[in-house]
Amino acid sequence: MPELPDVEGFRQVLSEHTGEPIRAVRVRDPGVLRGVGAGRLAAALRGHRFERPRRHGKWLIAPAGGPVLMLHFGMTGSLSWHSRQEPWHRHDRVVWQFDDGELRYRDMRKLQGIRLADDEAQAGRVLGGLGPDAREVSYACFGRLLSGRRGRLKPALIDQAFLAGLGNLLADEICWHAGVNPLRAAGDLDEAERAALYRAMRRVLRVSIKARCVPARDTWLTGARDERGGPCPRCGALLSRRRVAGRTTVWCPGCQPLLRPS
DNA sequence: AGTATTGTTGATAG
DNA sequence: GCTATCAACAATAC
């Protein structure tokens with residue numbers, strides 16, 4: 001699941017429980033801890049309170065009165081609030097318990113995980129290699145980034161060091177909305193195409209954040225991409241699919257013509 | 001059995 | 001130095 005919109009939803013869940021003292025940290029599967037043990041994680045957070053959490057790309061960053069909790073949700077992670085009576089799910093890996101309930105980090109595959117930075121400076125170092133957040137980047141910056149990129153558009157959009165927050169679904173959805181082929185050379189796009197991409201990115205992100213995920217609407221590519229041999233929701237043409245940057249990439253050959261192959 | 005999966009990283013090649 | 005591809009990680013679903 002988690003791309004930028006999903007993580008933004010997890011940030012909202014956490015933000016509803018700031019200011020409450022953390023009574024206990026239960027590590028049910030230390031396999032999701034990165035660079036910190038269960039003991040140190042619990043000791044550093046117990047008695048502390050989460051402050052206003054923020055997000056950069058797909059990272060959720062939660063300062064807790066000194067130490068900074070950093071969560072990445074990989075491909076299947078989530079963060080949700082539960083009553084203490086509700087039985088744990090088998091994939092609940094770490095649980096933060098409060099007086100009136102608990103936050104649960106759930107993750108089936110354990111492709112990413114949880115870090116603990118000692119302070120903001122250390123947290124900043126973890127995020128140091130990321131590009132600007134896709135929700136925050138200005139059009140001027142976005143345009144400069146694309147102009148200076150040598151490879152194809154699709155790999156650029158999902159490269160977190162280039163732009164942080166977009167994943168496979170979002171990148172395809174944005175290209176489809178913009179009418180730009182994901183195989184185009186990023187640096188060859190003209191001003192109108194860059195503008196269309198930026199506007200599509202803003203719109204797709206706004207709607208997806210409201211839905212808390214990239215919605216599988218029948219008027220969006222995401223609602224059609226899983227059906228192999230399915231039609232483009234806009235023009236009815238047979239959707240194309242190909243592996244690009246290691247990920248299945250779907251586009252409409254009619255709406256997103258490949259004029260200048262790269 | 002074989003394929004696929006919304007993420008990231010490291011090795012390798014061009 | 002930059003970029004592309006692939007395998008690996010782990011746990012499912014079809």
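Chain letters run A, B, ... following the sequence lines, proteins first and then strands; every chain starts at 1.
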Open item on the list: Can you classify the ring geometry of A/H17 versus A/W81 as parallel (below 30°), tilted (30 to 60°) or perpendicular (above 60°)?
Closed with: parallel

Task: P-based separation of C/dG1 from B/dT8 [nearest Å] - done: 24 Å

Open item on the list: Applying a 4.0 Å non-hydrogen cut-off, can you work out what A/G167 is touching in the nucleic acid: base, sugar-phosphate, or nothing?
Closed with: sugar-phosphate

Open item on the list: Just the rounded figure in Å: distance from P of B/dG7 to CG of A/L130.
Closed with: 14 Å

Task: Closest nucleotide among B/dT8, C/dT12, C/dT3 to the A/R149 side chain - done: C/dT3

Open item on the list: Rounding to an integer number of Å, can you tell me how far A/M75 CE sits from C/dA13 C1'?
Closed with: 13 Å

Task: Dot-bracket line, read 5' to 3' along DNA chain C, where crossing pairs take [ ] and | marks a partner on another strand, Watson-Crick or G-U under 3.5 Å - done: .||||||||.||||

- [ ] Write down the distance between CG (A/D159) and C1' (C/dA4), rounded to a whole number of angstrom.
- [x] 11 Å

Task: Nearest-nucleotide 5' precedence on DNA chain B, A/R228 against A/H72 - done: A/R228

TODO: Flag the pair A/D172 and A/R241 as a salt bridge only when some basic side-chain nitrogen lies within less than 4.0 angstrom of an acidic carboxylate oxygen.
DONE: no

TODO: Would you tell me if any nitrogen or oxygen in the side chain of A/K154 comes within less than 4.0 Å of OP1 or OP2 on C/dA4?
DONE: no

Task: Value in whole Å for how far the C1' atom of B/dG7 lies from CE of A/M70 - done: 16 Å

Task: Closest to the A/T248 side chain, choosing from C/dT12, B/dT5, C/dA4 - done: B/dT5

- [ ] Let me know the distance between CZ of A/R152 and P of C/dA4, rounded to the nearest Å.
- [x] 7 Å

Task: DNA chain C: 5'-proximal contact among A/R242 and A/R150 (nearest heavy atom) - done: A/R150

Task: More than 12 heavy atoms of other groups within 6.0 Å of A/R52 CZ - done: no

Task: Interatomic distance, A/L145 CG vs C/dC2 C1' [rounded to whole Å] - done: 15 Å

Open item on the list: Angle between ring planes, A/H177 versus A/W220, binned at 30° and 60°: parallel, tilted or perpendicular?
Closed with: perpendicular

Open item on the list: Check this one for me: any side-chain N or O of A/K110 less than 4.0 Å away from OP1 or OP2 of C/dC9?
Closed with: no

Task: Test: A/E193 and A/R184 ion pair at under 4.0 Å - done: yes

Open item on the list: Distance check needed: C/dC6 P versus A/R247 CZ, whole Å only.
Closed with: 13 Å

Open item on the list: Quick check on B/dT8: is either OP1 or OP2 less than 4.0 Å from any side-chain nitrogen or oxygen of A/Q160?
Closed with: yes

Open item on the list: Strictly below 4.0 Å, N to O, side chains only: are A/R55 and A/D133 in salt-bridge contact?
Closed with: yes

Open item on the list: Using a heavy-atom cut-off of 4.0 Å across all strands, would you classify A/R90 as base, sugar-phosphate, or nothing?
Closed with: sugar-phosphate

- [ ] Kindly give the heavy-atom pair with the smallest separation between A/G167 and A/I158, and that separation in Å.
- [x] O-CG2, 3.5 Å

Open item on the list: Just the rounded figure in Å: distance from C1' of B/dT8 to CG of A/L166.
Closed with: 15 Å

- [ ] May I ask you to say whether A/R104 pairs ionically with A/D92, meaning some side-chain N is under 4.0 Å from a carboxylate O?
- [x] yes

